[in-house]
Amino acid sequence: ITIPSCRARKDLRVELAAGHGEALTAEEVYARVNPATVTVVCDVSDTSASVGTGVIITADGYVLTNHHVVAGGRNCTVTLSDNVQYEAKYVVSDEVNDLAVLKIVDARDLPTAELGDSSLLTVGETVYAIGNPGGIALQSSFTNGIVSGLNRVITTQDSSYAMNVIQTNAAINPGNSGGALVNEYGQVIGITSSKLVDVDYEGIGFAIPTATAIPIVQEVIEHGYVSGRAMLGITGKSIDSVEARYYNVPLGVQIVSINENGAFAGTEAATGDIITRFGSTEITSMEDLQACLAESTPGDTVEVTLYRYSATKNNDRTFTVTVTLIENKG
């Protein structure tokens, strides 16, 4: 990220509301949350910019948004619903969970959103999304829906990391990223992300729950990364059933690259190998592997089973390596 950095307050504390009052009308929800919803624009080159949404979480201008909205950007600005524009500086982000924080420059007494506790949500509950679908032209668009599902485990388009998210049928489109998913009490209970939506789906949107997002943001602000998260130090891709049949190889995760300081460094593992087992767990997809890593701790020693493919099929073989998981500080 090349946005000029802004030193975060180490004592910055963002808390979830302990409860909620009476349900509001849709008009009241919009009136309460929209002033704290901003349009985020970050120049990514001389001719293009990334446009998304953000939510003001402190009166002096800390803004919560998605990592992919600000990644690679520079010269960020945020525009409030009343069209007042401010310069904003990058503070910190967590690519794995697609979260980022910006700081509005020279701001005070800004409208803020109340952050609700997403762990209290139930399926069928009314929710609303506020954001900028398609960009600035449709700024402050307001859509409604229900909670369609909770604790959905999915992966982003840009990351293989498994995320636990809220599913909703409230319309979420490019430009909504970083915006608010709001309950009927006017509390933000999720940060929406268009990166979690597949182009083949309709009526399925996802948001990062506040119960997940706020502790992560707090830790990243205080420590620079989320501690205790295990990784192998590779990039990889799932071998699906079509590829497995075509190449006559097992389902699993094919290693695309190996970090020189990663868990596989110095072992027999090589790019092209397919991970088929992690400890005692069979691996058939990236989701399987990430689920195993999510339950692991840096420093754990694990036996990983690999399959090596050869074009002639004469040298195909399965073998195991023992690795020590490293900490993901990204």
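Below, each value reflects all heavy atoms present in this structure, side chains not excepted, and no hydrogens, waters or symmetry copies.
- Side-chain atoms of Thr297 do not come within 3.5 Å of backbone N or O of Asp300 as any donor-acceptor pair.
- Of the possible polar contacts, none joining the Asp288 side chain to the Ala291 backbone as a donor-acceptor pair under 3.5 Å is found.
- Under the side-chain contact (heavy atoms from CB on, under 4.5 Å) criterion, Val51 pairs with Thr39, Val41, Ile136, sequence neighbours left out.
- Between the side chain of Arg245 and the backbone N or O of Asn248 there is no donor-acceptor pair closer than 3.5 Å.
- Between the side chain of Tyr90 and the backbone N or O of Ser93, at least one donor-acceptor pair lies under 3.5 Å.
- Side-chain contact between Leu289 and Phe278 is present, with heavy atoms from C-beta onward closer than 4.5 Å.
- In this structure, Ile274 CD1 and Glu243 CD are separated by 8.5 Å, a value rounded to the nearest 0.5 Å.
- In terms of modelled atom types and a separation under 3.5 Å, the side chain of Asn169 and the main chain of Ile146 share a donor-acceptor contact.
- If you check the side chains of Tyr307 and Asp273, you find no donor sitting under 3.5 Å from an acceptor.
- Side-chain atoms of Thr192 and Leu181, non-hydrogen and from C-beta on, do get closer than 4.5 Å to each other.
- A side-chain donor from one of Asp98 and His68 sits under 3.5 Å from a side-chain acceptor of the other.
- In this structure, Gln167 and Val165 have side chains that are not in contact, with every pair of non-hydrogen atoms separated by 4.5 Å or more.
- Ala213 meets the side-chain contact (heavy atoms from CB on, under 4.5 Å) test with Leu99, Ile208; sequence neighbours excluded.
- The line from CG of Leu102 to SG of Cys76 is 5.5 Å long, rounded to the nearest 0.5 Å.
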Discussion item. Walk me through whether Ser238 and Asp240 qualify under side-chain hydrogen bond (donor to acceptor under 3.5 Å, both in side chains).
Written reply: CA-CA 6 Å; Ser238 295; Asp240 60 23; over 6 Å; no

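- By the neighbour-count criterion of 12 heavy atoms within 6.0 Å, atom CZ of Arg317 is densely surrounded, having more than that number from other residues, nucleotides or ligands.
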Validation: residues 30-37 side-chain donor-acceptor distances under 3.5 Å, sequence neighbours left out:
| unit_1 | atom_1 | unit_2 | atom_2 | d |
| --- | --- | --- | --- | --- |
| Tyr30 | OH | Asn34 | ND2 | 3.3 |
| Tyr30 | OH | Ser140 | O | 3.0 |
| Arg32 | NH1 | Tyr185 | O | 3.3 |
| Asn34 | OD1 | Ser140 | OG | 3.2 |
| Thr37 | OG1 | Val33 | O | 3.1 |

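- The line from CG of Asp43 to OG of Ser50 is 10.0 Å long, rounded to the nearest 0.5 Å.
- Between Arg229 and Asp94, at least one side-chain nitrogen of the basic residue sits less than 4.0 Å from a carboxylate oxygen of the acidic one, meeting the salt-bridge criterion.
- Listed here is the closest heavy atom pair of Val105 and Lys89: CG2-CG, 3.9 Å.
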